[in-house]
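Have a look at the structure below, then the notes.
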Amino acid sequence: MPIKTDVVIVGAGPVGLFQVFELGLLDLKAELVDSLSKPGGQCSELYPEKPIYDIPAYPSIGAQELVDRLLEQIAPFNPGMHLNQQVERFEKKEDGRFHVVTSAGTEFDAGAVIIAAGLGSFLPRKFRAKGLDELVDPPIHYKVTERVRFEGKRLLILGGGDSALDWTMELANIADHVDLIHRRAEFRGAPASVEKVKALAMEGKVTIHQGMITSVLHEAGAFRGLELMDLEKNKCTVSGDEVLVFWGLAPDLGPIADWALDIEKKQIAVDTEKFQTSIEGIFAIGDINTYPGKKKLILSGFHEAALAAFGVQKYLYPDKRQFVQYTTTSPIMHQRLGVESPSK
Ligand code: FAD
């Protein structure tokens, strides 16, 4: 059975999160979907520890702290949170509602859709090299789902961050051998992990290589290894059975590009009254949208969320009279927020 809701919000970045709040004030229920494993979008994924200086009333706030505060602020509205899944498609039904489907098979029956998808879904950076297309069944992995597959194998792990280091330590225990290949001598991961990986290299369980991958070695369609060019521009080969790629995540517009919306330079065109897209009932806010004068700032996204909430209310209840109520003084707002109304 599809989950019935007023609004599906595509993306749980800072702007998608604040959208829940603005909808909640208007008594509209929202379900959030994000392809990442945690909410927070760019703030949590790209710069969690950096201070932000242009959020009103916070002279300085850490990016992750902002996300934590937003989660606290929307808690009274108890949104559904569907992580690790991408919104893949939707269909507008005759009654104006939307049937929305995610990559995990979650289905929604939503009154409206708000796209707060930022720069797109964060997906693993893909491995590409000469010779890759010659492989019949490329043994290239971007996550470890079945550890047993790697038992007794010669593994080539690509990357220099925490994921590459963690999986090197983990799989060195079960693999025949691990070759860790990173383009630089310095690793980006936690210093303690770097020390442990270096200790495994001393024991001979791991070999550390520095350099760029120039091509894939293959024989009759089967993977044999990788050719590298080291930092002194010498070529060498590293043979192996399986490749695990941990080059981090990069945003990709993904399925949104196929949703028949007006798109200009990878951004969704909206009006500035309601932030509605070219399809009535679908709204777009935050970094994903474009309009004259658009600035990709969290502050702008928050403003867009407030107006989009009224736009959604109008779409769902065209005859309802709209008026702004202050959270300071309105008993209805206090009831929705679950706070006590001050006595007169
Ligand atoms: P995002 O934060 O990009 O979140 C979008 C979410 O949507 C992502 O989590 C993504 O996984 C998800 N998603 C996308 N497509 C799908 C799909 N099909 N299905 C499911 N989920 C999907 N702004 C400021 O105002 N001040 C600053 O000081 C500042 N500093 C910055 C510093 C850095 C290093 C960077 C990179 C950005 C900075 N920004 C700053 C910009 C700010 O982070 C963005 O404006 C903000 O994150 C936009 O929020 P958003 O919610 O629109 O999108």
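Only a predicted model underlies this, so the values are computations on that prediction, with no experimental measurement involved. In what follows, residues are counted from 1 in the order of the sequence shown. Atoms within a ligand are numbered from 1 in the order they appear, just like the ligands themselves.
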Taking the ring centre of each residue, are Y291 and F275 less than 6.0 Å apart? yes
If the cut-off is 4.0 Å to any non-hydrogen atom of I298, which atoms of ligand 1 fall inside it? 23 (N), 24 (C), 25 (O), 42 (C), 45 (O), 46 (C)
Show the atoms of ligand 1 that are less than 4.0 angstrom away from any heavy atom in L119. 3 (O)
Do D109 and H99 pair up side chain to side chain, a donor and an acceptor below 3.5 Å, judged on atom types alone? no
Regarding T207 and H177, is there a side-chain donor-to-acceptor distance under 3.5 Å anywhere? yes
Would you kindly say whether Q86 and S35 are connected by a side-chain donor-acceptor distance under 3.5 Å? no
May I ask you to check whether Q85 has an N/O atom sitting below 3.5 Å from an N/O atom of ligand 1? no
For the residue pair F21 and F77, does the interplanar ring angle fall in the parallel (under 30°), tilted (30 to 60°) or perpendicular (over 60°) class? perpendicular
Do any nitrogen or oxygen atoms of Q42 lie less than 3.5 angstrom from nitrogen or oxygen atoms of ligand 1? yes
Counting heavy atoms under 4.0 Å, the part of Q86 that contacts ligand 1 is both
If hydrogens are left out, which of G254, P14, G118 has an atom nearest to atom 49 (O) of ligand 1, that is, the closest non-hydrogen atom? P14
Numbering as shown, the atoms of ligand 1 that approach L36 to under 4.0 Å (heavy-atom distance): 9 (O), 11 (O)
Does the N or O separation between K50 and ligand 1 drop below 3.5 Å for any pair? no
For atom 26 (N) of ligand 1, which protein heavy atom lies nearest, and how many Å away is it? D54 OD1, 2.9 Å
Ligand 1 to V87, heavy atom cutoff 4.0 Å, flagged ligand atoms 17 (C), 18 (N), 19 (N), 20 (C)
For atom 28 (O) of ligand 1, state which one of V15, D287, I52, D252 supplies the nearest heavy atom. I52
Has ligand 1 got any nitrogen or oxygen that is less than 3.5 angstrom from a nitrogen or oxygen of D34? yes
Return the option from F122, F302, W259, Y47 holding the heavy atom at the smallest distance from atom 42 (C) of ligand 1. Y47
Among R224, R149, R154, find the residue that satisfies the side-chain hydrogen bond (donor to acceptor under 3.5 Å, both in side chains) test when tested with D241. R154
In terms of heavy-atom contacts, does NZ of K314 have more than 12 from other residues, nucleotides or ligands at under 6.0 Å? yes
Checking Q313 against Q322: is there a side-chain donor and acceptor pair closer than 3.5 Å? yes
N or O contact, S121 vs ligand 1, cut-off under 3.5 Å: yes
Would one find more than 12 heavy atoms of other residues, nucleotides or ligands at under 6.0 Å from atom CD of E273? no
What are the atoms of ligand 1, with element, lying closer than 4.0 Å to any heavy atom of V33? 20 (C), 21 (N)
Under 4.0 Å from one or more heavy atoms of G286, ligand 1 contributes atoms 52 (O)
Please identify which atoms of ligand 1 are closer than 4.0 Å to at least one heavy atom of S35. 11 (O), 20 (C), 21 (N), 22 (C)
Mark up the atoms of ligand 1 that fall under 4.0 Å of a heavy atom belonging to G41, in ascending order. 2 (O), 4 (O), 8 (C), 9 (O)
Between H182 and F187, is the ring centre distance below 6.0 Å? yes
Would you mind checking if E304 and K294 are paired as a salt bridge, meaning a charged N to carboxylate O distance below 4.0 Å? yes
Out of A116, A284, P39, G11, who is nearest to atom 5 (C) of ligand 1 when you count heavy atoms only? A116
Thinking salt bridges, do E170 and R147 make one under a 4.0 Å N-O criterion? yes
